[in-house]
*Asks:* 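The structure that follows is given in the form of structure tokens.
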Amino acid sequence: MLVVMQAGATETQVERVIDKLVMMGFTVHRSTGVTHTVLGGVGPQEQFDPREFEALDGVKECHPIVSPYKLANKSFRPQGTEITVRGVRIGGPEVVVMAGPCSIENRDQIELSAEIVAKAGAKGIRGGAFKPRSSPYSFQGLGEEGLKMIRAAADRQGLFVVSEVMEKSQIGVMCEYSDVLQVGARNMQNFNLLRELGTIRKPILLKRGIAATIEELLLSAEYIMSGGNYDVILCERGIRTFETATRNTFDVSAIPVLHGLTHLPVAADPSHGVGKRNLVAPMARAAVAAGTDMLLIEVHHDPDHALSDGAQSLFPEQFVELMEQLRGIAKAVGRGL
Ligand code: PEP
Ligand code: MN
């Protein structure tokens, strides 16, 4: 259930409502907006009468949240969620681009990647150190050594770092080096991992599973948020359909659909969405036009020799050109980039 406090409600009034919710068995999540404080009570939904709360001092309104996801629901934070990572605002007026190779391969590669993407205007660098590969014989990533390399390269260029966490045991080391922890498509419903990520205080980039509905994506976000970590960015990265012309089917419509359902920032990953270099730029442009808050683009200094996802990685000069185009599109839809 949702209790919306009146503008200017006092802390004592808010606390009285929280106490009542707790006494009734609800777990309380608090969202402090510019004008209103909203209290999300998660628990025995049936056992209350909204009027009991509306009669309390300082309460504006109270109503049940009928959707299965409560904290990810737009009504919990109608003003939207903005996440600040090393001074970069995600979910704010500017579209944020993070780019880089699929995998961290060696020191020179990641240093060069950081330089290329920073110069072109990206704010974050991506690169996997723990790689979820379809084949056990493919390159699996450099692990902690790779994380050290990407951290150093990012610091030299003033970028934030996004890297994937594949299992619970990696969370500690990931938190040491990465600013945003990515949950890959294959792990979107690894509920033990999601619960554990709810206990940390680092932003999570949650990718949509290859066969997941939008509601399932939001429920996975709810797993993280119900642990108290509200900094979740949802990422459309293509879903599996009957279509074989592209690696996945990039669901551009998921971007405005998500904006209608949730307050969380929305990211788009056209690289994995289409899997083919020549299609990445058109889909990146479409994603910005559709209202994405963030873009994730795979870029490699030498894609033909990349250890993973070379076929969908842009050449540096293609990335520079794309960034230029994206600035124009962002402007046309009232955003910066
Ligand atoms: C990646 O970002 O390199 C990756 C493996 O993504 P996904 O989980 O979307 O396949
Ligand atoms: Mn990849």
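Counting starts at 1 for both ligands and their atoms, following the listed order. Side chains are part of it too, since the values below use all heavy atoms of this structure and drop only hydrogens, waters and symmetry mates.
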*Asks:* Looking only at N, O or S atoms, find the one in D309 nearest to the Mn ion (ligand 2) and name it.
*Replies:*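 The closest N, O or S atom of D309 to the Mn ion (ligand 2) is OD2.
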*Asks:* Compute whether any side-chain donor of one residue and acceptor of the other, for D309 and Q312, lie under 3.5 angstrom apart.
*Replies:*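 Short answer, yes.
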*Asks:* Angle between ring planes, Y223 versus F191, binned at 30° and 60°: parallel, tilted or perpendicular?
*Replies:*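 Rings of Y223 and F191: parallel, under 30°.
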*Asks:* With atoms numbered from 1 as shown, which atoms in ligand 1 lie under 4.0 angstrom from a non-hydrogen atom of G184?
*Replies:*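 Close to G184: 8 (O).
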*Asks:* Going by heavy atoms, is R208 under 4.0 Å from ligand 1?
*Replies:*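 Not so, R208 does not reach ligand 1.
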*Asks:* Show which atoms of ligand 1 fall inside a sub-4.0 Å distance from at least one heavy-atom site of K207.
*Replies:*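 In order of number, 1 (C), 2 (O), 4 (C), 6 (O), 7 (P), 8 (O), 9 (O).
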*Asks:* So which protein heavy atom does atom 10 (O) of ligand 1 come closest to, and at what separation?
*Replies:*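 Sorting protein heavy atoms by distance from atom 10 (O) of ligand 1 puts R237 NH2, 2.8 Å first.
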*Asks:* Looking at D179 and R151, is any side-chain nitrogen of the basic one under 4.0 Å from a carboxylate oxygen of the acidic one?
*Replies:*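 Yes, this pair counts.
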*Asks:* Measure from the Mn ion (ligand 2) to every N/O/S atom of H272 and report the name of the nearest one.
*Replies:*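 Nearest to the Mn ion (ligand 2) within H272's N, O and S set: NE2.
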*Asks:* Taking the basic N atoms (NZ, or NE/NH1/NH2) and the acidic carboxylate oxygens, is any pair closer than 4.0 Å for E54 and R51?
*Replies:*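 No salt bridge links E54 with R51.
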*Asks:* What protein heavy atom is closest to atom 8 (O) of ligand 1, reported as residue, atom name and distance in Å?
*Replies:*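 So the nearest neighbour among protein heavy atoms is A185 N, 2.7 Å.
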*Asks:* Rounded to 10 degrees, what angle sits at the Mn ion (ligand 2) between C102 SG and E298 OE2?
*Replies:*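 With the Mn ion (ligand 2) as the vertex, SG (C102) and OE2 (E298) sit 100° apart.
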*Asks:* Hey, is K207 close enough to E236 for a salt bridge, meaning N to O under 4.0 Å?
*Replies:*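 Salt bridge between K207 and E236, a charged N being under 4.0 Å from a carboxylate O: no.
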*Asks:* Under a 4.0 Å N-O cut-off, is there an ion pair linking R30 with E11?
*Replies:*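 Counted as a salt bridge, because a side-chain N and a carboxylate O are separated by less than 4.0 Å.
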*Asks:* Measuring only between side-chain heavy atoms, which start at C-beta, is L112 closer than 4.5 Å to D108?
*Replies:*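 No, every pair of side-chain atoms sits at 4.5 Å or beyond.
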*Asks:* Numbering the atoms of ligand 1 from 1, which are under 4.0 Å from a heavy atom of E298?
*Replies:*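 Reading through ligand 1 atom by atom, the close ones are 3 (O).
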*Asks:* In ligand 1, which numbered atoms sit nearer than 4.0 Å to a non-hydrogen atom of Q182?
*Replies:*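 Ligand 1 atoms under the 4.0 Å threshold to Q182: 1 (C), 2 (O), 4 (C), 6 (O).
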*Asks:* Check each of R126, M188, E164 against atom 5 (C) of ligand 1 and report the one with the nearest heavy atom.
*Replies:*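 Ranked by closest heavy atom to atom 5 (C) of ligand 1, first place is E164.
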*Asks:* Should C102 be listed as contacting ligand 1, given a heavy-atom distance under 4.0 Å as the test?
*Replies:*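 Per 4.0 Å heavy-atom rule, C102 contacts ligand 1.
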*Asks:* Taking 4.0 angstrom as the limit, do D293 and R335 come out as a salt bridge?
*Replies:*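 Yes, charged N to carboxylate O under 4.0 Å.
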*Asks:* So which protein heavy atom does atom 4 (C) of ligand 1 come closest to, and at what separation?
*Replies:*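 For this ligand atom, the closest protein heavy atom is H272 NE2, 3.4 Å.
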*Asks:* Does the cation-pi check pass for K131 over F139, that is, NZ or CZ under 6.0 Å from the six-membered ring centre and within 45° of its axis?
*Replies:*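 No - K131 does not lie over the ring of F139 by the 6.0 Å and 45° rule.
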